[in-house]
J.: 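Below you'll find the structure I mean.
Order of the sequence lines sets the chain letters (A, B, ...), proteins ahead of strands, with each chain counted from 1. These numbers come from the heavy atoms of this one structure, side chains and all, not from hydrogens, waters or symmetry mates. These figures come from a predicted structure and were not determined experimentally.
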Amino acid sequence: MAKKSPTINGGSMSDISFLLLTFFLLTSSMDTDTGIARKLPPPLPPDAPKPEIHDRNVFKVAINFRDELQVQGKLADVSQLRDMAKDFLANPSNDPKKSEIVMENISLLGPTPVSKGVVSLKNDRGTSYEMYIAVQNELTAAFRELRDELSEEKFGLKFADLKRADQIEAVQDAIPVSISEAEPTNAAINN
Amino acid sequence: MGRFRKNDKSGVPEINTGSMSDIIFMFLFFFMVITTIRESTLYVRITPPGATEVQKLEKKSLVSFIYIGPPIDAQKYGTEPRIQLNDQISGVRDLAQFIEAEREARDEVDRPLMTTSIKADRSVKMGILNDVKQELRKVNALKINYSAAKSKNVYGN
């Protein structure tokens, strides 16, 4: 008869693996990185001609070193910025002071009003990052809401929920995100 | 007829705990797979600003991080916001080399898709960020991502 081998007590094994589990829980971070995506303009040759943009099409946003916001020459609060930007870009009242609207033929959408508006964002070296992100956030939100409105009207879905590539492209063509950042200078707001 | 006689042993039978460790190990592997270990230790303090319009950062392997914030070790580096690349405090001048090295480390097909994530503290001034952005433009690293935490309301101040 074979000798009976002694059984190993496996009860403490779970304790060990629990220890490992807690160790990994503590050292690893679950948070996914989120942020606002932007594309920088390619470097300009010094003798490049300035792009011709009509003055009425430029939505001027400036932040000074005291984190004060100036929109179209007037002091404003960040909470107003989204609606102001949307109003300027979509220009529902056809105001000659706001951005030009051109009818363009876009596949899937047919003739669509396309705004020629460009947001020009200026900031000072002393502007805080927090304020800058808050402004960028509002501008992004303005474009996102415009896209959502168009997308819901045409396809019955929010822009982020669109699945078909041609639909996404059509909405992107109709409402391009045009935020231009000035070459860094010191933005001054004259009160 | 005692055919269905109960066992003589009374009381609760012992539960076999042998498989418990397997379950815990499964947990462990699950967590190891879904979490990311911080690649570099931070030498600068970063509290990201909040924003509502944030997007998830896709393809972690193609992202290079630039950390900007006030140094934790104020004795050594002072209190002014500094730039951290990889594992050391650096200056704006080191950025070009850093981006070049990051590019070299990736496959050629992936290089156009590379993103630079700027993780800056909310108190940092835009001056240093403008310098960083200009430097990134010079080396053609144009896809950037301003790191921000998802929040409900940005006018919390």
J.: Which residues pass the side-chain contact (heavy atoms from CB on, under 4.5 Å) test with A/T112, not counting sequence neighbours?
T.: A/I106, A/L109, A/L150, A/A174

J.: Is any side-chain N of the basic residue among B/E135 and B/R93 closer than 4.0 Å to the acidic one's carboxylate O?
T.: no

J.: Is there a donor-acceptor pair closer than 3.5 Å between any side-chain N or O of A/T127 and the backbone N or O of A/N123?
T.: no

J.: Looking only at heavy atoms, which of residues 103-119 of chain B get nearer than 4.5 Å to chain A?
T.: B/I118, B/K119

J.: Check whether A/F18 gets within reach of chain B through its side chain, its backbone, both or neither, counting any heavy atom under 4.5 Å.
T.: both

J.: Check B/L57 against B/V63 and note the closest heavy-atom contact, atom names and distance.
T.: CD2-CG1, 3.8 Å

J.: Under a 4.5 Å heavy-atom cut-off, does chain A meet the side chain of B/A120, its backbone, both or neither?
T.: both

J.: Between A/I133, A/I36, A/L21, which shows the greatest number of heavy-atom pairs under 4.5 Å with chain B?
T.: A/I36

J.: Tell me which of these, A/I16, A/D67, A/L20, A/D15, has more heavy-atom pairs under 4.5 Å with chain B than the rest.
T.: A/L20

J.: For chain B, which of A/R38, A/Q136, A/R144 has the most heavy-atom pairs under 4.5 Å?
T.: A/R38

J.: Got a sec, which residues hit side-chain contact (heavy atoms from CB on, under 4.5 Å) with B/F29, two or more places apart in sequence or on another chain?
T.: B/F25, B/M32

J.: Let me check something: any side-chain donor-acceptor pairs from residues 160-170 of chain A under 3.5 Å, sequence neighbours excluded? List them with distances.
T.:
unit_1: A/R164; atom_1: NE; unit_2: A/D166; atom_2: OD1; d: 3.3
unit_1: A/R164; atom_1: NH2; unit_2: A/D166; atom_2: OD2; d: 2.9

J.: Check whether B/I144 gets within reach of chain A through its side chain, its backbone, both or neither, counting any heavy atom under 4.5 Å.
T.: both

J.: Is there a donor-acceptor pair under 3.5 Å between the side chain of A/S128 and the backbone N or O of B/K125?
T.: no

